[in-house]
Trainee: 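Mind having a look at this structure? Questions to follow.
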Amino acid sequence: MVNRHLRLLLVTAALSIGLITGLQPNFMEIQSANPLVAKAAEPADGVIQDPQLARLIRETPLATGQTTFYGLNGPLSFKNTIDPTKPLTPENLENLENIYVPKDSASPQIDSLEGLQYAKNLKYISFLNRTDHMSSTNDGQITSLAPLKDLPHLQIIQLPQEAITDITPIKQLSSLKYVELSNQKGEMDGSLDHTNWPNLVALTAVNNNLSGSLNSLSSAPMQDLALSNNRVTGTIPDAEWRNMLSFVAPNNQLTGPLPRTWSRMYNFVAQNNQLTGTLPSEWGHNAIYLLSIANNRLSGPVPLAWSNIRSFNNLPIQIDTSQNQLTSSLNLAGHRYTSRN
């Protein structure tokens, strides 16, 4: 049976090629001993400038909790000991390790992260639950990540559907493991070049204006990448990303050959790029759910080994190799296969 995190990754990949619509993935859950207690809105105080952010910090459950997310080598533990009855001073904010919007809570209108630069022990910030981040509407107005620039323990950032214009402030946060910045309003003027994310496991930043090369991320232990509808260039790292599970990057400017060493991969969605070379026979050993490489510059035959592709978790295999220069096709009876050139 597909576990919850895996199922939501499949939803994200399927949305990228238009197979399903209207679903809301939620990649992370919080498990905490204390429930959220609703409070009346309070004015900002101390160093936190935004009143709604101040309120959220005070209402974040205290005590010990953990996030659960595949690929993080176990749960990320945190312990908030912030005193919500005292002003949000730099000293008090040092006791803050996580901020998140609880599921099914009222959606706060947060416009600024100013003041979080003093939360030196912050590990996790997520506004994912406050909106359907696959929809086109959101109240998010955060424009700058600058307050997060020097937080040495920050591992997870989930801020989709905001108005962030630049990722430069977080490009040197070497502690990051998961970044979700999809669907920013307007055009994000940012590049993946010169990032220092040696621990990054997952990056989701669909429908932005990101540029730069994938090669700048080749040293990261990447397992899940979703960069649909950007301007990303370069070749796809092969052996460096041999533990990749889901690669979703259609509608970019990727070049070069397909990776051959990704034996754990079950999603590969990269239509509408400029990929060249032949199809990897090695993929015949994979369990596949989605494989879409249409409208590239791939050539040669479909490997006979692909007839051995297994179904991932008993889901229908869906493969699209159309609009290339391939010289043969594949018989996948009972599955969805498109091969028109």
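We use all heavy atoms of the structure for the numbers below, so side chains are in, but hydrogens, waters and symmetry mates are not.
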Trainee: Treating Lys171 as the side-chain partner and Asp193 as the backbone partner, does any N or O pair qualify as donor plus acceptor under 3.5 Å?
Mentor: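 Yes; at least one donor-acceptor contact below 3.5 Å.
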
Trainee: Which heavy atom of Gln49 sits nearest a heavy atom of Pro51, and at what distance?
Mentor: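 Result for this residue pair: O-CD, 3.5 Å.
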
Trainee: Which pair of non-hydrogen atoms, one from Asp166 and one from Leu145, has the smallest distance, and what is that distance?
Mentor: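 Result for this residue pair: O-CD1, 4.0 Å.
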
Trainee: Test your reading of the model: is there a side-chain donor-acceptor pair from Asp238 to the backbone of Thr261, 3.5 Å cut-off?
Mentor: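 Yes; at least one donor-acceptor contact below 3.5 Å.
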
Trainee: In Å and rounded to the nearest 0.5 Å, what is the CG to CD1 distance from Leu330 to Ile309?
Mentor: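 Nearest 0.5 Å value for the CG-CD1 distance: 6.5 Å.
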
Trainee: Which residue pairs pass the salt bridge (charged side-chain N to carboxylate O under 4.0 Å, His left out) test when at least one of the two sits in residues 279-291, sequence neighbours left out?
Mentor: Arg260-Glu282

Trainee: How would you list all residue pairs meeting salt bridge (charged side-chain N to carboxylate O under 4.0 Å, His left out) that involve residues 322-332, not counting sequence neighbours?
Mentor: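 Not a single pair qualifies under salt bridge (charged side-chain N to carboxylate O under 4.0 Å, His left out).
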
Trainee: So, the side chain of Trp241 versus the backbone of Leu217: is there a donor-acceptor pair under 3.5 Å, distance only?
Mentor: yes

Trainee: So, the side chain of Thr338 versus the backbone of Ser322: is there a donor-acceptor pair under 3.5 Å, distance only?
Mentor: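 Not at all, since once roles are kept as given, no pair shorter than 3.5 Å links the two residues.
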
Trainee: Do Trp306 and Thr321 have side chains that get closer than 4.5 Å, going by heavy atoms?
Mentor: yes

Trainee: How about Pro169 and Leu148: do any of their side-chain heavy atoms sit closer than 4.5 Å?
Mentor: no

Trainee: With distance as the sole test, does Asn80 use its side chain to make a donor-acceptor pair with the main-chain N or O of Ile82 at under 3.5 Å?
Mentor: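 Side chain of Asn80 to backbone of Ile82, a donor-acceptor pair under 3.5 Å: no, none is there.
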
Trainee: List the atom of Gln184, the atom of Gln161, and the distance in Å for their closest heavy-atom pair.
Mentor: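 What the structure gives for the nearest pair is NE2-N, 3.8 Å.
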
Trainee: Any side-chain to backbone donor/acceptor pair from Asn121 onto Glu94? Under 3.5 Å, distance only.
Mentor: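 Side chain of Asn121 to backbone of Glu94: a pair is present.
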
Trainee: Write down the atom of Met244, the atom of Asp224, and the distance for their closest heavy-atom approach.
Mentor: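 Closest approach of Met244 to Asp224: SD-N, 3.8 Å.
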
Trainee: Would you check if there is a donor-acceptor pair between the side chains of Thr204 and Glu180 at a distance under 3.5 Å?
Mentor: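 The criterion, which ignores hydrogens and geometry beyond distance, is not satisfied for Thr204 and Glu180.
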
Trainee: Verify, without hydrogens or angle tests, whether Ser175 (side chain) and Leu154 (backbone) share a donor-acceptor contact under 3.5 angstrom.
Mentor: yes

Trainee: Are Asn273 and Asn252 linked by a side-chain donor-acceptor pair shorter than 3.5 Å?
Mentor: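 No, Asn252 and Asn273 have no side-chain donor paired with an acceptor closer than 3.5 Å.
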
Trainee: Once side-chain hydrogen bond (donor to acceptor under 3.5 Å, both in side chains) is applied, do any residues pair with Asn215, and if so which ones, sequence neighbours excluded?
Mentor: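 side-chain hydrogen bond (donor to acceptor under 3.5 Å, both in side chains) list for Asn215, sorted by chain: Ser213, Thr235.
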
Trainee: Strictly distance-based, threshold 3.5 Å: is any side-chain N or O of Trp197 a donor or acceptor partner for the main-chain N or O of Ile170?
Mentor: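 Checking the backbone N and O of Ile170 against the side chain of Trp197, a donor-acceptor pair under 3.5 Å is found.
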
Trainee: Please give me the minimum heavy-atom distance between Pro237 and Pro259, naming the atom from each residue.
Mentor: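 That would be O-CB, 4.3 Å.
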
Trainee: Are side-chain heavy atoms of Leu279 and Ile293 found at a separation under 4.5 Å?
Mentor: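 In short, these two side chains touch, coming nearer than 4.5 Å.
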
Trainee: Can you tell me how far CG of Leu225 sits from CG of Asn267, rounded to the nearest 0.5 angstrom?
Mentor: 12.0 Å

Trainee: Can you tell if the side chain of Thr276 reaches within under 4.5 Å of the side chain of Leu298, non-hydrogen atoms only?
Mentor: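 Thr276 vs Leu298: side chains apart.
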
Trainee: Heavy atoms only: give me the nearest Asn324-Asn296 pair and the separation to one decimal.
Mentor: OD1-C, 3.0 Å

Trainee: Going through the distances and angles, do Val101 and Leu56 end up as a side-chain contact (heavy atoms from CB on, under 4.5 Å)?
Mentor: CA-CA 7 Å; Val101 177; Leu56 185 62; 4.0 Å; yes

Trainee: Could you tell me the separation between the CD atom of Gln52 and the CG atom of Asp111, rounded to the nearest 0.5 Å?
Mentor: 9.0 Å

Trainee: If you measure from CG on Leu159 to CD1 on Ile110, what distance do you get to the nearest 0.5 Å?
Mentor: 9.0 Å

Trainee: Just by distance, do the side chain of Asn199 and the backbone of Tyr178 share a donor-acceptor pair under 3.5 Å?
Mentor: no

Trainee: Name the residue from Tyr289, Phe268, Tyr266 that meets the ring-ring contact (aromatic ring centres under 6.0 Å, His included) definition with Phe312.
Mentor: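 One option only clears the test, and that one is Tyr266.
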
Trainee: Please test Ser112 against Asp50 for side chain to side chain donor-acceptor pair (under 3.5 Å), starting from the C-alpha separation and ending with a verdict.
Mentor: CA-CA 6 Å; Ser112 172; Asp50 190 291; 5.8 Å; no

Trainee: Just checking, any donor-acceptor pair under 3.5 angstrom between side chains of Ser292 and Gln271?
Mentor: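 On atom types as modelled, these side chains qualify, holding a pair under 3.5 Å.
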
Trainee: Would a distance-only check, ignoring hydrogens and angles, find a side-chain to backbone donor-acceptor pair under 3.5 Å from Asn286 to Trp262?
Mentor: yes

Trainee: Give me the one residue out of Asn207, Asn229, Asn208 that meets side chain to side chain donor-acceptor pair (under 3.5 Å) with Asn183.
Mentor: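 Considering Asn207, Asn229, Asn208, a side chain to side chain donor-acceptor pair (under 3.5 Å) with Asn183 is found only for Asn207.
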
Trainee: Test of understanding: with side-chain hydrogen bond (donor to acceptor under 3.5 Å, both in side chains), list the residues that count as partners of Ser218, not counting sequence neighbours.
Mentor: none

Trainee: Check step by step if side-chain contact (heavy atoms from CB on, under 4.5 Å) holds for Leu275 and Thr255.
Mentor: CA-CA 4 Å; Leu275 300 171; Thr255 57; 5.7 Å; no

Trainee: Do Leu88 and Arg58 have side chains that get closer than 4.5 Å, going by heavy atoms?
Mentor: yes

Trainee: Go through it in stages, so that I can follow the logic: the residues are Asn209 and Arg231, the test is side chain to side chain donor-acceptor pair (under 3.5 Å), and I'd like the CA-CA distance, side-chain angles, deciding distance and then a yes or no.
Mentor: CA-CA 6 Å; Asn209 195 37; Arg231 296 184 295 116; 2.8 Å; yes

Trainee: Walk me through it: do Gln325 and Arg297 pass the test side-chain contact (heavy atoms from CB on, under 4.5 Å)?
Mentor: CA-CA 7 Å; Gln325 291 83 49; Arg297 301 173 183 175; 4.1 Å; yes

Trainee: Any salt bridge (charged side-chain N to carboxylate O under 4.0 Å, His left out) pairs touching residues 202-222, not counting sequence neighbours?
Mentor: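 Listed once each, the pairs would be none.
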
Trainee: Quick one: are Tyr118 and Leu96 in side-chain contact, heavy atoms under 4.5 Å?
Mentor: no

Trainee: Rounded to the nearest 0.5 Å, how far does CG of Leu93 lie from CG of Leu122?
Mentor: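 These two atoms lie 9.5 Å from each other.
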
Trainee: Would Gln141 and Thr143 count as a side chain to side chain donor-acceptor pair (under 3.5 Å) here? Give the steps.
Mentor: CA-CA 6 Å; Gln141 297 293 332; Thr143 60; over 6 Å; no

Trainee: Working to the nearest 0.5 Å, report the span between OG1 of Thr195 and CG of Leu203.
Mentor: 9.0 Å

Trainee: List the residues meeting salt bridge (charged side-chain N to carboxylate O under 4.0 Å, His left out) with Glu97, not counting sequence neighbours, and say none if there are none.
Mentor: Lys123

Trainee: May I have the step-by-step check of side-chain contact (heavy atoms from CB on, under 4.5 Å) for Val232 and Leu192, ending in yes or no?
Mentor: CA-CA 8 Å; Val232 178; Leu192 295 176; 4.1 Å; yes

Trainee: Is it the case that atom NZ in Lys120 sees more than 12 heavy atoms from other parts of the structure closer than 6.0 Å?
Mentor: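 Atom NZ in Lys120 is crowded, with more than 12 foreign heavy atoms closer than 6.0 Å.
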
Trainee: Can you find a heavy atom in the side chain of Leu227 that is under 4.5 Å from one in the side chain of Val248?
Mentor: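 Answer no - side chains too far apart.
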
Trainee: Would you check if Leu214 and Leu254 make a side-chain contact, meaning some heavy-atom pair closer than 4.5 Å?
Mentor: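 A side-chain contact under 4.5 Å exists here.
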
